[in-house]
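Reading through the structure tokens given below for one structure.
Source: prediction; values computed, not measured. By convention in this document, chain letters (A, B, ...) are assigned in the order of the sequence lines, proteins followed by strands, and residues within each chain are numbered from 1.
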Protein chains: 2
Amino acid sequence: MSEGAKNGAFPVAASEPGADAREVTRQRVVEAAADLLAREGRDAVTTRAVAAAAGTQPPAIYRLFGDKDGLLEAVLEHGHATFLATKHRDTHPEDPVEDLRTGWDLAVEFGLANPELYALMYSDPQRGTASAAFQAGMQILLGRIRRLAAGGWLRVDEKLAAALIHATARGAVLTWLSLPEDQRDPALLTTLRESMVAAVTHEQPVVQDAGLADAARTLQALLPGQTTLSGAEQHLLSEWLDRLAADG
Amino acid sequence: MSEGAKNGAFPVAASEPGADAREVTRQRVVEAAADLLAREGRDAVTTRAVAAAAGTQPPAIYRLFGDKDGLLEAVLEHGHATFLATKHRDTHPEDPVEDLRTGWDLAVEFGLANPELYALMYSDPQRGTASAAFQAGMQILLGRIRRLAAGGWLRVDEKLAAALIHATARGAVLTWLSLPEDQRDPALLTTLRESMVAAVTHEQPVVQDAGLADAARTLQALLPGQTTLSGAEQHLLSEWLDRLAADG
DNA sequence: AGCGTTACGATAACATCGATATCATCAATG
DNA sequence: CATTGATGATATCGATGTTATCGTAACGCT
């Protein structure tokens, strides 16, 4: 889409095969950069390394993308497009609230599957909003919100809803990725998602009333100050309370 | 604190004034870097620019911080410490839920007041978790959560609670900063905060007037329906709960 | 007091990176 | 066929992180 504009800036000499060749190498460079980004991280994506991996030279990157940021944006768009291509989009969901859930899950799943790409999109507060991939995702999101509003489900502004969905997903992905792998609790994602649904829609959250687990947690927190039980007893009790809290 | 360890690695020639001078220039460099970061952005923080602004030379940075990342981490810690110094911390809040709110607001406020610093801490998923400033903030957060648990308010794991609070704050700040100024709706922040509170806490404490004895009694009452512990385990647990309830 | 050690100021240098200049080559057009 | 413009290829420039090197001043030790 921005392709046409770029080529329109200067006359195109080659008619068809030329533009095709250009598009082919462009694709090759983008994929090489994406590969390098996913495999060796952001710092490994240098103009020289990308050029070498794509079998071309550094200046070609500037002829194709104008800038290194241009290359990164192309990589972003490519990653986003290929991810969306693997997912089918339901344009007429019967339950817009459930559609909101799957959309949120999709966005989060994209972040978890492409951490470096996601960091590139959403880490810098300034960048990203202008990127094509960001705008595409935002359009899909706005469509979902519009359907929610049409069904009378929306509890807040459409803009505020978009911001809330975006913020929860962003926080979910970045926090999940920053946790060591053995501390990643899937409940973080589902809880954040349901919080988001409750904040955005009129659907009442399924509130589980206080139970055994909560009581166990409370006692656990109060345990350190206690003097009734011996150290060994307290240790074992602590383990049991953990189990009770976990299975609640 | 890490200062002593560093100097302990090699014999210290200068007794006191030497170490003082070192600390003084260190402080000057950190402040120059922080100033540069806040005023001209992350890219403006180069070793040469920082050295020039601090009235010293690039190699001094490496003698003081070992690395540019070391400098940035020092800047982080400095920013975080000075921010926390302006706020008073209530170690014995009467309402732990309200304390949770103010803590969340504080974290978000820090992010909004120091966007570049915050991006440095929390934008990159990898970094940050090891930083001293991050650990300090996490300790404060865990204290708040512990008090919630002790009051019987906690609806989820302490670890999950920490992750939820962190994720919502992170999403709130980064999303807020990425919005154009005329589209920033304060309701985004309050709604996210209340969502977080609803996800983390009960509307009413599980244990009223939370004392150890009350918590023990509550758990005792809920025990019969449980299937996690074996009969023998439950029997012994029951005895201990009796003792805890009696001695409270 | 004199000596060795250590840290620090200052300059230069090296490797790498983003970005550009330059030139030869090659395909397509009139 | 001559011209034009894009592309492969190499060299280069400015900037940046980092290190080496040197001279000097301060400190502890004999």
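- Rounded to an integer number of Å, the gap from A/Asp67 CG to C/dT20 C1' is 13 Å.
- Rounded to whole Å, the distance from CD on B/Glu40 to P on D/dT16 is 12 Å.
- Nucleotide D/dT18 holds its P atom 11 Å from the CG atom of A/Asp43, rounded to whole Å.
- A/Val45 comes within 4.0 angstrom of sugar-phosphate atoms only, judged by non-hydrogen atoms across all strands, and of no base.
- Separation of the B/Phe110 and B/His80 ring centroids falls under the 6.0 Å cut-off.
- To the nearest angstrom, P of C/dC17 lies 17 Å from CG of A/Asp69.
- Between A/Gln57 atom CD and D/dA11 atom C1' there is a gap of 13 Å when expressed in whole angstrom units.
- Under a 3.5 Å cut-off, the side chain of B/Arg184 and the backbone N or O of B/Leu179 do form a donor-acceptor pair.
- Nearest-nucleotide assignment on DNA chain D puts the 5′-proximal partner with A/Gly55, out of A/Gly55 and B/Arg48.
- One interatomic measurement links the two molecules: CZ of A/Phe65 to P of D/dT7, which rounds to 12 Å at whole-angstrom precision.
- As a whole-Å value, the separation of B/Leu72 CG from D/dG17 P is 9 Å.
- The structure places CZ of B/Arg146 at 10.0 Å from CG of B/Leu154, a figure rounded to the nearest 0.5 Å.
- Checking the phosphate oxygens (OP1, OP2) of C/dA7, no side-chain nitrogen or oxygen of B/Arg22 falls inside 4.0 Å.
- Between B/Lys159 and A/Asp185 there is no salt bridge, since no side-chain nitrogen of the basic residue lies less than 4.0 Å from a carboxylate oxygen of the acidic one.
- Taking for each of A/Thr46 and B/Thr56 the nucleotide of DNA chain C with the nearest heavy atom, the 5'-most of the two is the partner of B/Thr56.
- In this structure, the CD1 atom of B/Ile61 is 14 Å from the C1' atom of C/dA10, given to the nearest Å.
- Between D/dA9, C/dA13, C/dG18, one nucleotide has an atom nearer to the side chain of A/Thr47 than all others, and that is C/dG18.
- An OP1 or OP2 oxygen of D/dA6 is reached within less than 4.0 angstrom by no side-chain nitrogen or oxygen of A/Arg63.
- Between A/Ile61 and A/Ala51, the closest heavy-atom pair is CD1-N, 4.1 Å.
- Of the candidate nucleotides D/dG8, C/dA10, C/dA21, C/dA10 has the atom lying nearest to any side-chain atom of B/Pro59.
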